[in-house]
Amino acid sequence: MTTQLDFSVGLAKETTYGTPVTPTRFVESEAKLKYEIKTAQGRGLRPGKNVHRLNRHQAVHFEGSGDIDIDVPTRGFGFLLNALFGQVVNTLVPTTTPPLYQQNHVLQNASDPVQSFTVQEILPTLGGVNSHPHTFTGCVFDSMELSAKEGSILEAKFSLVARELQTSVAAAATSYPADDALFTFVHGAISLGGTLTEPDATTIASLSGSPAANIADFSLSVKRNLDGDGWNLGGAGLRSRAPLYGVPELSGKITAEYTDNVLRDAYLQQSALALVLTFQHNVAVSGAHKPTLQVVLPAIRLNGEVPTSDGGKAIKQSIDFEAFDNGIATQPIWVIYRTLDATP
């Protein structure tokens, strides 16, 4: 017997685009995947037939899409990061028992093929009599939104497009890490400006100077801007090939209390700032080695705003930013993940 709470989401990398594989990785998620069928109506007219006829109404285009929303855990998150970024350096951090692994996620070269996935939702029916699998094949991840809000759990939303929905694939047995935890606002710190020390295979990034003490909220958007073509003759209304990478967009927003003019002046002068956001869980795996999630942006440019009065309340600035390749750092973005997972 199941209940409405027994919803599950499983994923696995596909060997061939659009060919289903059995999910092996599972996330605790409010996933909401949709499947849209585009139809066309024949235009011909016939005497005595003044209503659209059923046999002239045809399906012509199939496509799935949706989001996977999760609270960011200390295990399993690397799989989703890899699905979006496409490239990872996976190396053991030395002198840790049990072994803590570091994954350096970077944007895959745009000329490389996009990895596709099978994503399966198990949907319990009302009354708990049955659970029905919806298996989406040819899933490709297009964007991620990471949100760190004051007093909240760190959240991530991954958006994807899918080739096909299949309902005859058997439901995969679920399994989850036994010892994962969640990153929260309590574990976070952010640094802006200063000299960036890039991460390497075993070391996370750092910025010279003290972490900023006036940042309340932070959000990051990573868009791969996948192409929207590939519906070709012979594909029976389904996409014939995996999407292609477009030019990535890296952007976000900071909410900061007005304590100094660092952000104001960076906006007015349109100067670039390095940004490092670090979440370290307070339970050390071995010594000082802690599960870690870090976002590293070597060059952001602020889009506004200058501080203004707020009726006697503490003045806050809501500042949009965009991240760039500054021609100096080896990557425009790193997402570093230290975890007990041996592979993403």
Side-chain angles (χ1 to χ4, degrees), residues 70-75 77-78 81 93 96 100-106 144-156 180-200 202-222 250-264 266 272-302 314-321 323 329 331-340:
I70 67 168
D71 298 328
V72 178
T74 58
R75 297 194 64 175
F77 189 57
L81 289 174
V93 176
T96 63
L100 190 66
Y101 294 84
Q102 179 167 319
Q103 304 167 11
N104 294 358
H105 294 267
V106 296
M144 176 190 75
E145 295 180 10
L146 191 69
S147 177
K149 297 181 179 180
E150 188 275 324
S152 298
I153 294 170
L154 182 63
E155 299 177 353
D180 63 336
L182 297 177
F183 292 106
T184 76
F185 190 82
V186 172
H187 306 126
I190 190 168
S191 297
L192 287 163
T195 303
L196 174 67
T197 300
E198 296 187 4
D200 57 28
T202 60
T203 306
I204 62 175
S206 62
L207 276 174
S208 59
S210 301
N214 63 335
I215 307 298
D217 297 334
F218 172 88
S219 65
L220 170 72
S221 172
V222 179
L250 309 173
S251 61
K253 177 177 284 189
I254 298 168
T255 301
E257 292 187 320
Y258 181 46
T259 59
D260 55 54
N261 290 321
V262 172
L263 297 176
R264 184 205 66 181
L273 296 171
L275 183 150
V276 175
L277 174 73
T278 305
F279 282 81
Q280 283 195 323
H281 203 277
N282 52 17
V283 178
V285 173
S286 176
H289 294 283
K290 301 178 180 180
T292 301
L293 180 72
Q294 186 177 62
V295 175
V296 184
L297 300 170
I300 67 169
R301 182 161 284 171
L302 306 181
I315 297 173
K316 291 184 178 180
Q317 299 168 262
S318 181
I319 306 170
D320 294 323
F321 68 82
Q331 300 290 338
I333 183 174
W334 291 268
V335 177
I336 313 303
Y337 190 50
R338 282 189 175 178
T339 175
L340 290 171

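This chain uses plain numbering: 1 for the first residue, then up along the sequence. The structure presented is a predicted model; accordingly, all values stated were derived computationally and were not measured.
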**Q** Please answer whether the main-chain N or O of Arg264 pairs with a side-chain N or O of Asn261 as donor and acceptor at a distance below 3.5 Å.
**A** no
**Q** Can you measure from OG1 (Thr184) to CG (Leu182) and round to the nearest 0.5 angstrom?
**A**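 If I round to the nearest 0.5 Å, the distance is 8.5 Å.
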**Q** If you define the side chain from C-beta out and look only at heavy atoms, does anything of Ile333 sit under 4.5 Å from Val222?
**A** yes
**Q** Of the non-hydrogen atoms in Leu273 and Ala266, which two are nearest, and what is the gap between them?
**A**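 Heavy-atom minimum between the residues: CD1-CB, 3.8 Å.
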**Q** Which atoms form the tightest heavy-atom contact between Gln102 and Arg338, and what is the distance?
**A** OE1-NE, 2.8 Å
**Q** Which distance, rounded to the nearest 0.5 Å, do you find between the CD of Gln280 and the OG1 of Thr292?
**A** 4.0 Å
**Q** Any heavy-atom pair between the side chains of Thr197 and Thr203 that's under 4.5 Å?
**A**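 Thr203 vs Thr197: side chains apart.
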**Q** Are the side chains of Leu220 and Leu297 in contact, using a 4.5 Å heavy-atom criterion?
**A**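 The answer is yes, as the side chains (C-beta and beyond) meet within the 4.5 Å cut-off.
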**Q** Does the pair Met144 and Leu81 meet the rule for a side chain to side chain contact (heavy atoms under 4.5 Å, CB included), with working shown?
**A** CA-CA 9 Å; Met144 176 190 75; Leu81 289 174; 3.8 Å; yes
**Q** Could you give the distance from CG (Leu196) to CH2 (Trp334), rounded to the nearest 0.5 Å?
**A**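 Spacing of CG (Leu196) from CH2 (Trp334) equals 6.0 Å.
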**Q** Below 4.5 Å, heavy atoms only, C-beta onward: do Lys149 and Phe185 meet side chain to side chain?
**A**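 Sidechains of Phe185 and Lys149: no contact.
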**Q** Distance-only, no hydrogens or angles: does the Ser208 side chain make a donor-acceptor pair with backbone N or O of Thr195 under 3.5 Å?
**A**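 Such a contact is found between Ser208 side chain and Thr195 backbone.
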**Q** Which value, rounded to the nearest 0.5 Å, describes the distance between Asp320 atom CG and Ile300 atom CD1?
**A**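 If we round to the nearest 0.5 Å, Asp320:CG and Ile300:CD1 are 11.0 Å apart.
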**Q** Which distance, rounded to the nearest 0.5 Å, do you find between the CD of Gln317 and the CD1 of Ile254?
**A**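 Gln317 CD to Ile254 CD1: 10.0 Å, rounded to 0.5 Å.
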**Q** Considering non-hydrogen atoms only, spot the tightest contact between Val276 and Ala205 and give its length.
**A**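 Nearest pair, atom of Val276 first, then Ala205: CG1-O, 4.4 Å.
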**Q** Any non-hydrogen side-chain atom of Ile215 less than 4.5 Å from a side-chain atom of Leu277?
**A**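 Not touching, per the 4.5 Å side-chain cut-off.
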**Q** Please walk me through it: do Val262 and Leu192 pass side chain to side chain contact (heavy atoms under 4.5 Å, CB included)?
**A** CA-CA 9 Å; Val262 172; Leu192 287 163; 5.8 Å; no
**Q** Taking the side chain as C-beta and beyond, is there a heavy-atom pair between Leu146 and Val335 under 4.5 Å?
**A**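 When only atoms from C-beta onward are counted, Val335 and Leu146 do not touch, as no gap falls below 4.5 Å.
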**Q** So, taking the atom named CD in Glu155 and the one named CG in Asp71, what distance separates them when rounded to the nearest 0.5 Å?
**A** 6.0 Å
**Q** Minimum heavy-atom separation for Ala181 and His281, please, with both atom names.
**A** CB-NE2, 3.5 Å
**Q** Testing the basics here: between Tyr337 and Thr74, what is the closest heavy-atom pair and its distance to 0.1 Å?
**A** OH-C, 2.9 Å
**Q** Looking only at non-hydrogen atoms, find the nearest pair between Ser191 and Pro211 and report the distance.
**A** OG-CA, 3.5 Å
**Q** Compare all side-chain heavy atoms of Thr339 with those of Phe77 and state whether any distance is below 4.5 angstrom.
**A**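 No, too far: nothing below the 4.5 Å cut-off.
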**Q** For Tyr258, does its backbone N or O pair with a side-chain atom of Asn214 as donor and acceptor, under 3.5 Å?
**A**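 Not confirmed, Asn214 side chain does not pair with Tyr258 backbone.
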**Q** With respect to Phe279, which candidate in Ile190, Val72, Leu154 satisfies the side-chain contact (heavy atoms from CB on, under 4.5 Å) definition?
**A** Leu154
**Q** Start with the C-alpha gap between Gln294 and Thr278, add the side-chain angles, then the distance that decides, and say whether side-chain hydrogen bond (donor to acceptor under 3.5 Å, both in side chains) holds.
**A** CA-CA 4 Å; Gln294 186 177 62; Thr278 305; 2.9 Å; yes
**Q** If you define the side chain from C-beta out and look only at heavy atoms, does anything of Ser219 sit under 4.5 Å from Glu145?
**A** no
